[in-house]
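To find a chain, count down the sequence lines: A is the first, B the second, and so on, and within it residues start at 1.
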Number of protein chains: 2
Amino acid sequence: MYFRIVERLFKGRIDTVSSAVLAKEAGVKPSQLRKDLTYLGQFGTRGLGYKVESLEKQLARVIRTARFRPVILVGVGNLGTALIQYDGFAKEEFGIIAAFDIREELGREGRFGIPILPNYLMKSFVAEHSVKLAILTVPGTSAQSAANELVDAGIQAILNFSTVALQVPNNVAVNNVNLAIELENLSYFIK
Amino acid sequence: MYFRIVERLFKGRIDTVSSAVLAKEAGVKPSQLRKDLTYLGQFGTRGLGYKVESLEKQLARVIRTARFRPVILVGVGNLGTALIQYDGFAKEEFGIIAAFDIREELGREGRFGIPILPNYLMKSFVAEHSVKLAILTVPGTSAQSAANELVDAGIQAILNFSTVALQVPNNVAVNNVNLAIELENLSYFIK
DNA sequence: CTGTGTGAAGGCTTTCACAGCC
DNA sequence: GGCTGTGAAAGCCTTCACACAG
């Protein structure tokens, strides 16, 4: 998050920025931001703030955000299709290069400019294209079995949109995005 | 999350469940689950576990999940369109009843069965339909101004898909879903 | 004997407050 | 004078471990 903000400031030709400003942009307290940054190194200058250019470079190095990462998507339903078309996640950095679905009748060349392939081709595809990241948008009922296939194919990290907690080996990372729970959570605050 | 699991067990005609099983499903430790539940009340029976039916009822009461909540969506781009069509978030509980966009040329009746309206109609629509929840899927550059409009219209909670931290009065709740950051985060764990 | 409810301990994160450097 | 870097304090969340109820 900090990196994205600094990137934006850099593009906007801002030269120097204080922890107060950065923190406001990020929605955290200045002390929080300073503590977070110092876990990664000492990037600021006392009395002055942070040089945007150097901060951007150093954060980029830490999060290894340099090269393009191919991503596959599993589950070409409504949400899956949406995400394929959206593809607004940091275009230079990530790209969905293929989608998979058990339903073979979807046909190979989607209307989306990327191949839509049957699941049984997943393993060879992942190996061939060195894919390490997957987005999982299948219904809850088939999420675990799809996750197993991903793990078997050698995927190392899964962004899980299904509503179940995936059981995976601990060398595989999972992040969950659950829209129903986000809304539920919000509705708790409604008067 | 617990509620969704219990709901599923109930539909599957499971009678009783232990904290160990529930915790596994939720991806947390049993002690964690028990502690969480006791914040809301004492729902279990020692030596036995939790009665699924009564737990479901009591959780429903606590999170007031009873009645349907209308939701509006602002920003009919790729992601917005996707979410309108998806609508897989707990269908009985939430529904997107209208979408808004500054671009009036989108026309009033979308291809999606809900009205697509220009932003200036937002305030009256929200008042008329007692809408309290909004999903925000506009580009980062216009996110804050759209959020201001939502707040002005009387919206009480915002699910924010844009990449900026929204500044809102503290009687308005915001939850953020940032796909780029989720992927970024995951890619940190890739070898 | 099983499995919840719960104080207490442990671990982690956030915030404070100020020394230190520009 | 201004703003970072950082120990120390405070606050919060998770886990342990066991009393207790069925």
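- A donor-acceptor contact shorter than 3.5 Å links the side chain of Asn160(B) to the backbone of Val164(B).
- Within the 4.0 Å cut-off from OP1 or OP2 of dG5(C), at least one side-chain nitrogen or oxygen of Tyr50(B) is found.
- Comparing Ser31(A) and Gly47(A) by the nucleotide of DNA chain C whose heavy atom lies nearest to each, the residue mapping closer to the 5' end is Ser31(A).
- Less than 4.0 Å separates DNA chain C from at least one heavy atom of each of the following residues of residues 32-40 of chain B: Arg34(B), Lys35(B), Thr38(B).
- The nearest whole Å value for the distance from the NZ atom in Lys29(A) to the C1' atom in dC12(D) is 14 Å.
- With respect to the salt-bridge test (charged N to carboxylate O, under 4.0 angstrom), the residues Glu149(B) and Lys123(B) do not qualify.
- Taking only side-chain nitrogens and oxygens, Ser19(B) comes nearer than 4.0 Å to OP1 or OP2 of dT4(C).
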Could you give the side-chain donor-acceptor pairs of residues 46-63 of chain A under 3.5 Å, partners two or more places apart or in another chain?
{"residue": "Lys51(A)", "atom": "NZ", "partner": "Asp15(A)", "partner atom": "OD2", "Å": "3.3"}
{"residue": "Glu53(A)", "atom": "OE2", "partner": "Lys57(A)", "partner atom": "NZ", "Å": "3.2"}

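- Once rounded to the nearest 0.5 Å, the distance linking NE2 of His129(A) with CD1 of Ile72(A) reads 11.0 Å.
- Residue Arg46(B) contributes atom CZ, which lies 15 Å from atom C1' of dC1(C) at whole-angstrom precision.
- Spacing between atom CG of Leu48(B) and atom P of dT2(C) amounts to 13 Å, rounded to whole angstrom units.
- Ion pair Arg4(B)/Glu184(A) flagged as a salt bridge, since at least one NZ, NE, NH1 or NH2 atom sits closer than 4.0 Å to an Asp/Glu carboxylate oxygen.
- Ring centers of Phe125(A) and Phe100(A): under 6.0 Å apart, within the cut-off.
- Checking the phosphate oxygens (OP1, OP2) of dT6(C), a side-chain nitrogen or oxygen of Gln42(B) falls inside 4.0 Å.
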